[in-house]
Amino acid sequence: MTTTPPLGGPDTIPIAPGKIPALGHALAFRKDPINFLTSLSAIGELVKVYLGPVQTYAVTSPRVVYQLLVTEAAHFENGRIFDKMRGFFGNGLITSNGAFHRRQRRLIQPAFSQKNITTYTEVMRREIGELVASWQEGTVVDIQAATDDLSLRIGVATLFKTELGTSAKETVKECLPVVLRGLLVRTLLPDVVFKLPIPGIQRLNDAERRLRAAIGEIIRTYRADGADHEDILSALLAARDDETGEGMSDAEVLDEVVSLVLAATETNSSVLASFFYRLAEHPEIADRVSAEIDGVLGGRQVQYEDLTKFKHTLNALSEVLRLDMPVDMFMRRATEEVVIGETRLPAGSEFIFSIPALHRNPDVYPDPLQFDPDRWIRRPARDLPRGSYIPFGTGGRICVGNAFAWAELTVVATTVLAKWRLTVAPGAKPKRVHQASTHFTSLPMALEAR
Ligand code: HEM
């Protein structure tokens, strides 16, 4: 006769090593977040970790992450880091929970329909076209700074495509980089710090206030104008709930635009910079990708219909999204008692999971640290165990900008490589920093016309 083994409780879960966990874990995390988070899978599927004084459970296996994000997702909300963001983000998609989040997803999803992405692709092509046309043979460009600026321009131009609110748009472009740089500080430091007269803190508060005020002004201008400008903001203003027929208030739209613009910019620019860096490290792959682009485009500009035709480029981008997924860690909090893995845990338990760590799992990815785009030919993502490859998350909170991101990555990658070969500038030693997203401090690359 078989008996079901009893479920464990919090006491059965191993704790990550460290003499004084509250200090040791935080230091190990700060020193090398991916290494620390990746090392936890050797200890167990669920591991107790102290991030400062706060005890969390690190979920390390694809199987249990899938429970958290999909099968048991109804019993979780976003958790601590997101609570801290709410002060500035408001209640947009990134921070909202429960029924309100589900309603907002339904209202926002149509802004990313295939038809709309086709229109946004034209904006992306124009922005990268202008950048590439300004480059000069034989010069060195900081590709991280260039992709940061490009993704910001694309984000703003797809949200607000018209000439309406031009000066407010300039304020958004000016303030957003300051807000993005301050995001980690905002989530780590206690709220009281943001009331102190420290110049850096005041600059951040000021940028956040001006950014929200500028977006609010653009929303009012669009409402008064009433036309469909074929951009994200027009789609948000036109969205109506199928069940109630209601749309969003201006305050709700403002929170959603803040969430979108913050989520859309640094993630894309980090992935793009990593893509050009990885190809520079692997010239034979770069040559193959460039030859494929020549074959598909034959000198013309990329169109929406082309985006799925670049097999090698897409495999290289998939591999960058595996190895260089730019956000180290995500969180959830149980809203009621849950069974996660084989353990019963109380309401209020906080969980962390690391997508880059899942993407380095040697059981799933042979030679996991090797940049090898052909692994996606040998074993496509659909054949991998659930939860093993989730650069855009999975379940009800999967990235709402997933198709937008793929369009931007592909348009930018193919437009650049159709004309230029990029190599790391002689003597440069690019370093990555782990902030709100992981990115290069600078990435000087030499431009050679193809
Ligand atoms: C390569 C670029 C990107 C990556 C790797 C990425 C990754 C992710 C991931 C992993 C999540 C899920 C977070 C979780 O489960 O807690 C997420 C959510 C989200 N992303 Fe992205 N993202 C990217 C680009 C974008 C873009 C371009 C937009 C907007 C146009 C965007 C908007 C959002 C929003 C609003 C959410 C929250 C969704 C929700 O909770 O319902 N992201 N993203």
Side-chain angles (χ1 to χ4, degrees), residues 59 65-66 68-70 73 76-82 85-86 89-109 111-113 116-117 120-121 123-124 147 150-152 154-159 180 231-233 235-236 255-275 314 317-333 351-359 387 389-413 436-439:
V59 181
V65 168
Y66 194 80
L68 198 69
L69 300 187
V70 183
F76 290 94
E77 58 185 13
N78 256 347
R80 238 179 94 77
I81 295 180
F82 297 87
M85 287 180 184
R86 202 162 288 126
F89 273 75
N91 213 17
L93 270 193
I94 290 184
T95 41
S96 63
N97 289 305
F100 181 75
H101 172 262
R102 284 193 295 281
R103 168 194 183 246
Q104 295 302 96
R105 271 302 287 218
R106 281 200 307 275
L107 287 171
I108 290 159
Q109 205 88 43
F112 297 98
S113 67
N116 287 13
I117 302 279
Y120 308 152
T121 304
V123 177
M124 295 165 183
T147 56
L150 175 71
S151 290
L152 176 60
I154 290 175
V156 172
T158 47
L159 269 159
L180 280 165
D231 53 16
I232 299 177
L233 180 55
L236 298 185
D255 284 351
E256 296 304 349
V257 171
V258 169
S259 269
L260 288 174
V261 81
L262 284 164
T265 43
E266 256 198 19
T267 41
N268 272 340
S269 68
S270 298
V271 172
L272 282 167
S274 292
F275 172 77
L314 295 178
L317 283 168
S318 299
E319 186 65 344
V320 170
L321 283 165
R322 181 183 74 81
L323 263 180
D324 302 321
M325 195 284 175
V327 185
D328 293 332
M329 195 180 84
F330 291 90
M331 293 204 87
R332 291 292 188 270
R333 177 169 52 218
F351 297 81
I352 57 171
F353 62 99
S354 167
I355 295 175
L358 291 171
H359 287 180
Y389 183 65
I390 49 168
F392 294 99
T394 183
R397 299 203 82 122
I398 192 169
C399 177
V400 82
N402 181 344
F404 182 105
W406 269 112
E408 180 175 331
L409 298 177
T410 315
V411 168
V412 174
S437 77
T438 308
H439 58 269

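Small disclaimer: the values here were computed from a predicted structure and weren't measured. Side chains are part of it too, since the values below use all heavy atoms of this structure and drop only hydrogens, waters and symmetry mates. When a ligand or atom number is given, it counts from 1 through the structure's own listing order.
- Looking from atom 2 (C) of ligand 1 to the surrounding protein, the closest heavy atom is Asn268 OD1, 3.2 Å.
- Note: Phe112 and Phe404 have perpendicular aromatic rings, judged against thresholds of 30 and 60 degrees for the angle between ring planes.
- The single protein non-hydrogen atom nearest to atom 41 (O) of ligand 1 is His101 NE2, 2.6 Å, given as residue, atom name and distance.
- Using a distance-only test at 3.5 Å, with no hydrogens or angles considered, no donor-acceptor pair links the side chain of Arg397 to the main chain of Leu69.
- Scanning all heavy atoms of the two residues, the minimum distance from Gly387 to Leu358 falls at O-CD1, 3.6 Å.
- The protein heavy atom nearest to atom 38 (C) of ligand 1 is Arg105 NH1, 3.5 Å.
- Each of the following atoms of ligand 1 lies closer than 4.0 Å to a heavy atom of Phe404: 27 (C).
- Using modelled atom types, one finds no donor on one side chain facing an acceptor on the other under 3.5 Å when comparing Arg102 with Asn97.
- The only member of Leu236, Leu93, Val400 that meets side-chain contact (heavy atoms from CB on, under 4.5 Å) when paired with Gln104 is Leu93.
- Of all protein heavy atoms, the one lying nearest to atom 40 (O) of ligand 1 is Arg397 NE, 2.8 Å.
- Checked by atom type and distance alone, the side chain of Tyr120 never pairs as donor or acceptor with a backbone atom of Gly155 at under 3.5 Å.
- For atom 16 (O) of ligand 1, the candidate residues are Arg332, Gln104, Arg102; the nearest heavy-atom contact is made by Arg332.
- Less than 2.8 Å away from atom 21 (Fe) of ligand 1, the protein contributes these N/O/S atoms: Cys399 SG.
- Considering only non-hydrogen atoms, atom 5 (C) of ligand 1 lies nearest to Pro391 out of Pro391, Gly79, Ser270.
- Closest to atom 13 (C) of ligand 1 among all protein heavy atoms lies Phe330 CE2, 3.4 Å.
- Proximity to Val271 (heavy-atom distance under 4.0 Å) selects the following atoms of ligand 1: 1 (C).
- Annotation for Arg80: atom CZ does not count as buried by contact number, only 12 or fewer foreign heavy atoms lying within 6.0 Å.
- Taking the six-membered ring for Trp, Phe82 and Phe89 have ring centres at least 6.0 Å apart.
- A donor-acceptor pair under 3.5 Å is formed between the side chain of Thr95 and the backbone N or O of Gly90.
- Side-chain N/O atoms of Ser151 and Glu266 include no donor and acceptor closer than 3.5 Å.
- A side-chain donor from one of Asn78 and Arg332 sits under 3.5 Å from a side-chain acceptor of the other.
- Checking side-chain atoms of Thr394 against main-chain N and O of Ile390 turns up no donor-acceptor pair under 3.5 Å.
- With ligand atoms numbered from 1 in the order given, ligand 1 contributes 30 (C) to contacts under 4.0 Å with heavy atoms of Phe112.
- From the protein, the heavy atom lying nearest to atom 36 (C) of ligand 1 is Ile94 CG1, 4.1 Å.
- Close approach to Ile355 involves these atoms of ligand 1, each under 4.0 Å from a residue heavy atom: 10 (C).
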